[in-house]
Amino acid sequence: MLEGKVALVTGAGRGIGRAIAIRLAKAGARVVVNYNGSEAKAQETVREIEEAGGEAMALKCDVSDFSACAELAKTVIEKFGRLDILINNAGITRDGLIMRMSEEDYDKVLDINLKGAFNTIRHFSPTFLKQRSGKIINISSVSGVLGNAGQANYSASKAGLIGLTKSVARELASRGICVNALAPGFIETEMTEAMSDKAKEAVIGSIPMKKTGHAEDVAEAAAFLADEASDYITGQVLCVDGGMAI
Ligand code: NAP
């Protein structure tokens, strides 16, 4: 259970982030619901948590902005006095074949998916170190584990997150701080909605379990990595993918 804990979930207005925020609140955590563009959806997430008897607040921040993340950390610590769980979930895709990929599409994906996680970890690690406890969970992807044609930028960002996870895990382990990554496979959200039926069928065919996953499947794994039940686990990548990365 997460009673008394404070959690921050980036990109929690919709999709996987929203499911994680709701799941952590259900376990008793007070949750900061970060958003960038989706203010109304973030407020909806907060409302859903409050209606279930939990506590949450929405905070806007573009995670790719280093100084905005410093402000976010300041606001969270002023409001709650601590942070126990940091979930770096915010992410985007800008797919395309390498020969046609623009510099802008490459940079944008790296800035949000990878630098965004660096920014929050950088600004919250003094708090974790002072507390001598904390759980950092980075949402990577099977694309970062296996690579994926048409996703050079996205796969690079997600593989980079795995390197970031392992290095920071080594740096912070002696202070009781756990840093792990989740690598979801094909999860039904707005991110995957845009795919054609043919492309979806092809992906499902490559999943040993022959079915897609749901945001709640990822949220359950996040709840485990956020809980003291996983206190002896750090630097790991847990695939939530129906067997895709076997
Ligand atoms: P989604 O429905 O498209 O949601 C993306 C989230 O990221 C939104 O909440 C969005 O917030 C947030 N975001 C984007 N740019 C941001 C920024 N600059 N600052 C703060 N937040 C930002 O995608 P999803 O499927 O839930 O994906 C969530 C995470 O899981 C991503 O990291 C994704 O790469 C990863 N993942 C997804 C799948 C899948 O199959 N769906 C598989 C593997 C990994 P706003 O709308 O407020 O901007």
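All ligand and atom numbering here is 1-based and tracks the order in the structure. Residues: numbered from 1 along the sequence shown.
Looking at atom 18 (N) of ligand 1, its nearest protein heavy atom turns out to be Asp62 OD1, 2.8 Å. When only non-hydrogen protein atoms are considered, atom 1 (P) of ligand 1 lies nearest to Arg14 NH1, 3.5 Å. Closest to atom 46 (O) of ligand 1, if we only count protein heavy atoms, is Ser38 OG, 2.5 Å. At the shortest separation from atom 33 (C) of ligand 1 among protein heavy atoms lies Tyr154 OH, 3.4 Å. Nearest protein heavy-atom contact of atom 24 (P) of ligand 1 is Thr189 OG1, 3.6 Å. Regarding atom 7 (O) of ligand 1, its nearest protein heavy-atom neighbour is Gly91 N, 3.4 Å. Regarding atom 48 (O) of ligand 1, its nearest protein heavy-atom neighbour is Gly37 N, 2.9 Å. The shortest contact between atom 21 (N) of ligand 1 and any protein heavy atom is with Ala90 CB, 3.4 Å.
Under 4.0 angstrom from ligand 1, the non-hydrogen atoms of Ile187 come from both its backbone and its side chain. When non-hydrogen atoms are compared, ligand 1 lies under 4.0 Å from the side chain of Ile92 (C-beta onward) but not from its backbone. Residue-level proximity to ligand 1 for Val218 is absent, since no heavy atom of it falls below 4.0 angstrom. Contact annotation: for Lys158 versus ligand 1, heavy atoms closer than 4.0 Å belong to the side chain alone.
Note: Lys200 NZ to Ser196 OG = 8.5 Å, rounded to the nearest 0.5 Å. Of the inter-residue distances, the one linking Arg30 atom CZ with Ile85 atom CD1 reads 11.0 Å to the nearest 0.5 angstrom. Distance check: Leu72 CG to Leu83 CG gives 9.0 Å after rounding to the nearest 0.5 Å. How far CD1 of Ile22 is from CD of Glu216: 8.0 Å, rounded to the nearest 0.5 Å.
In terms of polar-atom proximity, Gly17 is not counted as a contact of ligand 1, lacking any N or O under 3.5 Å from an N or O of the ligand. Polar contact with ligand 1: absent for Ile112 (N/O pair, distance under 3.5 Å). Considering backbone and side-chain N/O atoms, Pro184 never comes within less than 3.5 Å of an N/O atom of ligand 1. Ligand 1 has an N or O atom lying under 3.5 Å from an N or O atom of Gly185, backbone or side chain. The N/O atoms of Asn36, backbone and side chain alike, include one that comes under 3.5 Å of an N/O atom in ligand 1. Between Gly11 and ligand 1, at least one pair of N/O atoms sits closer than 3.5 Å. Ligand 1 has no N or O atom lying under 3.5 Å from any N or O atom of Val142, backbone or side chain.
Of all the atoms in ligand 1, the ones that sit under 4.0 Å from a non-hydrogen atom of Cys61 are 19 (N), 20 (C). Heavy-atom contacts of Tyr35 reach the following atoms of ligand 1: 47 (O) (cutoff under 4.0 Å). For ligand 1, the atoms closer than 4.0 angstrom to any heavy atom of Thr192 are 39 (C), 40 (O), 41 (N). Close contacts of ligand 1 with Gly15, meaning ligand atoms under 4.0 Å from a residue heavy atom, involve 2 (O), 26 (O). Each of the atoms 28 (C), 29 (C), 30 (O), 31 (C), 32 (O) of ligand 1 lies under 4.0 Å from some heavy atom of Asn89. Close approach of ligand 1 to Phe186 (heavy-atom distance below 4.0 Å) involves ligand atoms 40 (O).
Checking Ser64 against Asp111 by side-chain atom types alone, no donor-acceptor pair falls below 3.5 Å. Side-chain contact annotation: Ser155 with Asn148, donor-acceptor N/O pair under 3.5 Å absent.
A salt bridge links Arg18 and Glu48; the closest N-O separation between the charged side-chain nitrogens and carboxylate oxygens is under 4.0 Å. Taking the charged nitrogens against the carboxylate oxygens, Glu220 and Arg23 do have a contact shorter than 4.0 Å, which makes a salt bridge.
Arg132 has its side chain out of reach of Ile177: every pair of non-hydrogen atoms, C-beta onward, lies at least 4.5 Å apart. Using a 4.5 Å heavy-atom threshold, the side chains of Ile137 and Asn88 count as separate.
If you run side chain to side chain contact (heavy atoms under 4.5 Å, CB included) between Lys135 and each of Thr234, Asp84, Asp231, Ile87, only Asp231 comes through. Checked against Phe124 for a side chain to side chain contact (heavy atoms under 4.5 Å, CB included), the options Ile136, Leu129, Ile77, Asn119 give a single hit: Ile77.
No donor-acceptor distance shorter than 3.5 angstrom exists from the side chain of Ser140 to the backbone of Ala183, with no hydrogens or angles considered. Within the 3.5 Å criterion, the main-chain N or O of Asn36 finds no donor-acceptor partner in the side chain of Asp62.
Proximity of Ser140 to ligand 1 is established by a heavy-atom distance of less than 4.0 Å.
Using a 30° and 60° split on the angle between ring planes, Phe118 and Phe66 fall in the parallel class, below 30°.
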